[in-house]
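For ligands, and for the atoms within them, numbers begin at 1 and follow the listed sequence.
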Amino acid sequence: MSHLRFKEVEVAFNRPPVRVDIPSENPSTYYAQRVFNRKKMFEYLPRETYDALTRAIDEKWPLDRALADDVAAGMKKWALDQGVSHYTHWFHPLTDGTAEKHDSFVQHDGKGGVIEEFSGKLLVQQEPDASSFPNGGIRNTFEARGYSAWDISSPAFIHDNTLCIPTIFIAYSGESLDYKMPLLRALNSVDRAGTAVAQLFDPQVKHVISYLGWEQEYFLVDEALYAARPDLALTGRTLMGHESAKNQQLEDHYFGAIPMRVEEFMLDLEIECHRLGIPVKTRHNEVAPNQFELAPIYEETNLANDHNLLLMSVMAQVARRHHFRVLLHEKPFAGINGSGKHNNWSLGTDTGVQLFKPGKNAKENLQFITFVACVMAAVHRHNGLLKASIASATNAHRLGANEAPPAIISMFMGSQVSQVIDSLINENCNDNLSFDAREELNLKVSQIPELLLYNTDRNRTSPMAFTGNRFEFRAVGSSANCASAMTALNAAVAEQLFEFRAEVDRRVGEGIPTEKAILDVVKALLKQSQPIHFDGNGYSDEWKEEATRRGLDCETSVPLIFDAYLREDSVKLFTSTGVMTEVELVARNEVKWETYVKKIQIEARVLGDLALNHILPVATRYQSILLDNVFKIKSLFPQGKFEKMAQGDLATIEHMSGHMQFIKNHVNELVEARKVANRITDLRTRAIAYHDTVAPQLEEIRYHVDKLELMVDDEMWPLPKYRELLFIR
Ligand code: ADP
Ligand code: MG
């Protein structure tokens, strides 16, 4: 009998909130306390070193190696003052999350004792033994060397008593083995391309900066219940579990009052984040029970992404203090909403102009519509690639389901911008007539009201929505590293901006006035990219048909979606912008296919074990109780009465047998399907086999387990049920 389950439920149900020690100072006092930011640099570095380092950061130069020793000495002093004993190069390998290997500052002093040492050499570059990180065959295990190098644009910070230095991770042969390196290259590329275009409007512009504001959705589950669900612990999601009678249908969770235990957790998390310089600002309940969201104030994209990765690990730690487990999986529970990580993205100039914000006059609005047109053209051209950038085994449960954008990338622009676009592309402007760009601009473009920012229509069904001063890429998964999406998007937009500038220059070279040249190219781009523009209901079946007619990428199989990275136009995009080489792209796809296989493989194993060792034995026991009962009735009552009295039990026994038999047979088939797939050496083909022959069986087996859950005595059921996982906190 599963009294264990009830013990866990009782523990979870009665757990008091863990009260947080609220600092006596205001957040502004302890904000970024654990960050080696400019204030600390100023305090701990010699003046010339401070000037040179901040200049290198601002101008995006590499750090002069001669300065490294001074910087390292200052950083060490600061860290030791904070009671820190270790340091680490903190990097983003091609796995979920981050990697770090801690070293102590301790070094022999040559006199039998030790000193604390941290040299410039250790700060700038290290060689973590990286042979066991995914690399897609770039490095053979016998050539295991890779190195990590300091990314000076992201400040060092203290976490877990360790000085963490954000780094890129590269193979000795030069290829990137992480998420950060390609992101930095894409940001550099969009900076150069964006600047070239922004200079058409203002020659003073020296840099274009990419901004990211992520919104992190997550679930919380009590740790006692979590521990009793091997599927949650090993795969991050429930592989079985019948829907709870009540879940989100009353819509009473979204923006509802936050339960006290959760509120204490959030408070604790926010204090931690603020100490780490992560500017978290917004928190609320999400749509599903036990689902929540956290969002910071947006930042420069590379920093914002480091902060998101740091947040994900801090969240897991803080949750433990409150006896919760945080679930970052895109779809931990069937039948209710999954979690995403909306990526609010924009571009701005170093002169302070937000490039996706409608301006106050015709010139500013021409700049606005120029950048919007380039984004639309880029997203249209690379819609399959952008989908690939957010595709994963786990996000696949969310995309295409009836709660998240479909597995088709389209752009929602809202009624006001749509009107401007329509009027620009639909008019029959005869270019041979005398053309007064200024007048046309005043008529068409300056209609975009500034108020738009506060007044954008919301379309929750769109994977990428214009929201007044930014684009919201909503299809990103909650567990994902945003770098993947941000690399693809910034690179695609960079390519388009480079082409835009070249085309305008060509026309100007032919004697066309600059403004007219710009407007003409904008019109052409808007016209050609209209298939990506869709303001309707993205969840509808009609849209899927319409999208196919429009030639958008409608592939739904994740292993095949990954192919988009190796298409000719994608390779050209990444190589021409200097973001990734073909070797890197090929290697990364190997990693993607392999990760896909492993995730499904683990799920299949866990489901098989649970079905055979947890579910079937309990079902058999319950069935045998029923059989026993039937026999007893038969021995006590005459045949006529027996038939009536035993009818219900007999039917249940039979139904149960059907489900149990199905589960047994299909677990065996699942094992066989895996064996067949595992024999395939080509990773792409193996991933396709896992998608086509293994993954669907998981759902089928689950269906029958969930049916048994409804039949078997509640007291015997071995796993915490959905109503317990989702409504106890
Ligand atoms: P909502 O849920 O209504 O979309 P949130 O407040 O939850 O809004 O999150 C919006 C996110 O967008 C925040 O991180 C915010 O800082 C960010 N954001 C706002 N303006 C910009 C911008 N210009 N560029 C990038 N991100 C932005
Ligand atoms: Mg949002």
_Pairs meeting criterion salt bridge (Lys or Arg N to Asp or Glu O under 4.0 Å) with involvement of residues 150-159, two or more places apart_ =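 Residue pairs with at least one partner in residues 150-159: Asp151-Lys180.
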
*Kindly state each residue pair satisfying salt bridge (Lys or Arg N to Asp or Glu O under 4.0 Å) with at least one member in residues 189-212, sequence neighbours excluded.*
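Salt bridge (Lys or Arg N to Asp or Glu O under 4.0 Å) check on residues 189-212 returns Lys60-Asp191.
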
*Going by the atom numbers of ligand 1, which of them fall below 4.0 Å from some non-hydrogen atom of Gly213?*
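Here the atoms of ligand 1 in question are 14 (O), 26 (N).
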
*At a 4.0 Å threshold, what atoms of ligand 1 neighbour a non-hydrogen atom of Ile297?*
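With Ile297 as reference, the close atoms of ligand 1 come out as 16 (O).
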
_Test item, His284 contacting ligand 1 (heavy atom, 4.0 angstrom)_ =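 Checking ligand 1 against His284, which is what was asked, there is no heavy-atom contact under 4.0 Å.
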
*Answer with yes or no whether Glu293 contacts ligand 1, where contact means a heavy atom under 4.0 Å from a ligand atom.*
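Right, Glu293 reaches ligand 1.
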
*Select one of side chain, backbone, both or neither to describe which atoms of His342 lie under 4.0 Å from any atom of ligand 1, heavy atoms only.*
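Neither; no heavy atom under 4.0 Å.
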
_If we set the cut-off at 4.0 Å for heavy atoms, which region of Gln354 has an atom near ligand 1: side chain, backbone, both, or neither?_
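The part of Gln354 near ligand 1 is the side chain, not the backbone.
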
*Using distance alone, determine whether Trp345 and ligand 1 share an N or O pair under 3.5 Å.*
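In this structure, Trp345 places no N or O atom under 3.5 Å from an N or O of ligand 1.
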
*Heteroatom proximity flag, Tyr211 to ligand 1, N/O under 3.5 Å*: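 Not met; the criterion fails.
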
*Decide if the gap between the ring center of Phe36 and the ring center of Phe157 is smaller than 6.0 angstrom.*
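Here the rings of Phe157 and Phe36 have centres that are no less than 6.0 Å from each other.
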
*Ring centroid separation for Phe333 and Tyr722, is it under 6.0 angstrom?*
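Yes.
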
*Given side-chain contact (heavy atoms from CB on, under 4.5 Å), test His207 with Glu59 step by step and report yes or no.*
CA-CA 9 Å; His207 286 292; Glu59 299 299 324; 4.2 Å; yes

*Closest to atom 25 (C) of ligand 1 (judged by heavy-atom distance), picking from Asn344, Leu294, Thr301*: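 The residue whose heavy atom sits nearest atom 25 (C) of ligand 1 is Asn344.
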
*Per atom 14 (O) of ligand 1, closest listed option by heavy atom (Ala295, Pro279, Pro296)*: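 Ranked by closest heavy atom to atom 14 (O) of ligand 1, first place is Pro296.
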
*Could you give me the CA-CA distance, side-chain angles and deciding distance for Tyr298 and Trp345, then say whether ring-ring contact (aromatic ring centres under 6.0 Å, His included) is met?*
CA-CA 9 Å; Tyr298 68 94; Trp345 169 82; over 10 Å; no

*Should the pair Arg588 and Tyr565 be classed as cation-pi, given the thresholds of under 6.0 Å to the six-membered ring centre and 45° from the axis?*
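No, Arg588 does not sit over the ring of Tyr565.
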
